[in-house]
Protein chains: 2
Amino acid sequence: MDERQVGGLNFQIDFSQPLYEQILDQFRSSIAKGEIDLGEKIPSVRELAQVLKINPNTVMRAYQELERDGLTEKRRGQGTFVTTSQEKVRQFRHQLAQEYIDAFIQHMENLGYTWADIEAYMKNKR
Amino acid sequence: MDERQVGGLNFQIDFSQPLYEQILDQFRSSIAKGEIDLGEKIPSVRELAQVLKINPNTVMRAYQELERDGLTEKRRGQGTFVTTSQEKVRQFRHQLAQEYIDAFIQHMENLGYTWADIEAYMKNKR
DNA sequence: TAAGTGTATTATATCACTTAATACACTTAG
DNA sequence: CTAAGTGTATTAAGTGATATAATACACTTA
């Protein structure tokens, strides 16, 4: 719906999900994929809010989550930076992947699918 | 959090999700797994609302979704019944499974995982 | 000192979800 | 025919998450 450039990043914002979750997910994705380098500065709260035309508080909420994820660190008066720890990024990726897998398997088993069924579906997809 | 028996079915209700979605998912699951026979009557809107101690309108919303799924049929003055079409149940299961798989793959690719990674994770799970 | 950082607070608005109280048309058991 | 049980519709109200708005404070750097 809405697409904006900021700091070399591509932002997609719509109304299908809470704004702060979309910002959160896109940073998570960018950092996990290495599209943002370790230690790199991300846009300031005010800048991103202005570019996306949303409220600074909403961006704040996303940034606080990012820090709880261990993906960013804040420096007073300077800004928000991607963690310099490759290990933290790896750990985060692995944990989130586990959650996705568990949720997926849970869903499939709720529908009465067996492991053989799931594998068959997966084979069709690749 | 809350567990209740009604018409041979087990109901789990909490506050982690909208109530109508929880009711919906549990009926979907029960029907897809064959825990409720084709053509069988499910509890009336009022009865289920009373047992679960929630509002009839909330149950109604779930039942309307169920019918949109093609899993139930309503008969005026009689009640709501599971469809007699095995084909509709199969179709529903397959469609929902596809959605779960697509969402899962989307998530994993957002985290930068490749197909080989996904397969490795899956192997660890079984 | 001024501008740019993150952060906190208070107030307001909107929307999804849920409840509540009724009412109506239909079907079935008596 | 009557009463009870069905699904359904309507209107009103309450709650919580989300988002906006306006403002202020402490810190850092040029």
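Since the model is a prediction, treat every value here as computed from it, not as a measurement. Quick note on labels: first sequence line is chain A, next is B, and so on, each numbered from 1.
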> So, is A/Tyr20 near the phosphate of D/dT18, with a side-chain N or O under 4.0 Å from OP1 or OP2?
Replying inline: yes
> Can you check the A/Gln50 CD to C/dG4 C1' distance for me, whole Å?
Replying inline: 13 Å
> Taking 4.0 angstrom as the limit, do A/Asp102 and B/Lys125 come out as a salt bridge?
Replying inline: yes
>> List the residues meeting side chain to side chain contact (heavy atoms under 4.5 Å, CB included) with A/Ser29, not counting sequence neighbours, and say none if there are none.
In response: A/Lys33, B/Asn110
>> I want to confirm an ordering. Mapping B/Tyr63 and A/Gln17 to their closest nucleotides on DNA chain D, which one lands closer to the 5' end?
In response: B/Tyr63
> Does the side chain of A/Thr114 pick up a donor-acceptor pair with the side chain of A/Asp117 at under 3.5 Å?
Replying inline: yes
> Across all strands shown, which nucleotide pairs with C/dA8 by Watson-Crick or G-U wobble geometry, both distances under 3.5 Å?
Replying inline: D/dT23
>> Less than 4.5 Å apart, side chain to side chain, heavy atoms only: is that true for A/Arg93 and B/Tyr113?
In response: yes
>> OP1 or OP2 of D/dT6 versus the side-chain N and O atoms of B/Lys74: is any pair under 4.0 Å?
In response: no
> Between A/Leu48 (CG) and C/dG6 (C1'), how many Å, whole number?
Replying inline: 14 Å
> Could you state the CD-P distance from B/Glu67 to D/dT6, rounded to the nearest angstrom?
Replying inline: 17 Å
> Under 4.0 Å between a side-chain N/O of B/Thr80 and OP1 or OP2 of D/dT6, yes or no?
Replying inline: no
>> From CD of B/Glu65 over to P of D/dG7, roughly how many Å is that when rounded to an integer?
In response: 17 Å
> Which letter, B, S or -, goes with each nucleotide of nucleotides 20-30 of chain C from 5' to 3', with contact meaning a protein heavy atom under 4.0 Å?
Replying inline: BB-B--BSS--
> For the pair made of CD in B/Gln64 and C1' in C/dC17, what is the distance, rounded to whole Å?
Replying inline: 15 Å
> In whole Å, what is the span from the NZ atom of A/Lys41 to the P atom of D/dT28?
Replying inline: 16 Å
>> Within the 4.5 Å heavy-atom criterion, are B/Arg28 and B/Phe92 side-chain neighbours or not?
In response: yes
> Are OP1 or OP2 of C/dC17 and a side-chain N or O of B/Arg61 less than 4.0 angstrom apart?
Replying inline: yes
> Which one, D/dT20, C/dT7, C/dT19, comes nearest to the side chain of A/Leu19?
Replying inline: D/dT20
> If you check the A/Met60 side chain, which of D/dA19, D/dT6, C/dT7 turns out closest?
Replying inline: C/dT7
> Given atom CD1 of B/Ile13 and atom P of C/dT19, what is their separation to the nearest angstrom?
Replying inline: 10 Å
> Should we count CD of A/Gln50 as having more than 12 external heavy atoms under 6.0 Å?
Replying inline: no
> Think A/Thr58 has a side-chain N or O under 4.0 angstrom from the OP1 or OP2 of D/dA19?
Replying inline: no
>> D/dG5, OP1 or OP2 - any side-chain N/O from B/Ser44 closer than 4.0 Å?
In response: no
> Is B/Gln22 reaching over with its side chain to a backbone N or O of B/Gln17, donor-acceptor style, under 3.5 angstrom?
Replying inline: yes
> Quick one: A/Asp14 CG to D/dT18 P, roughly how many Å, whole number?
Replying inline: 15 Å
>> Hydrogens and angles aside, do B/Gln95 and B/Glu99 bring a side-chain donor and acceptor to less than 3.5 Å of each other?
In response: yes
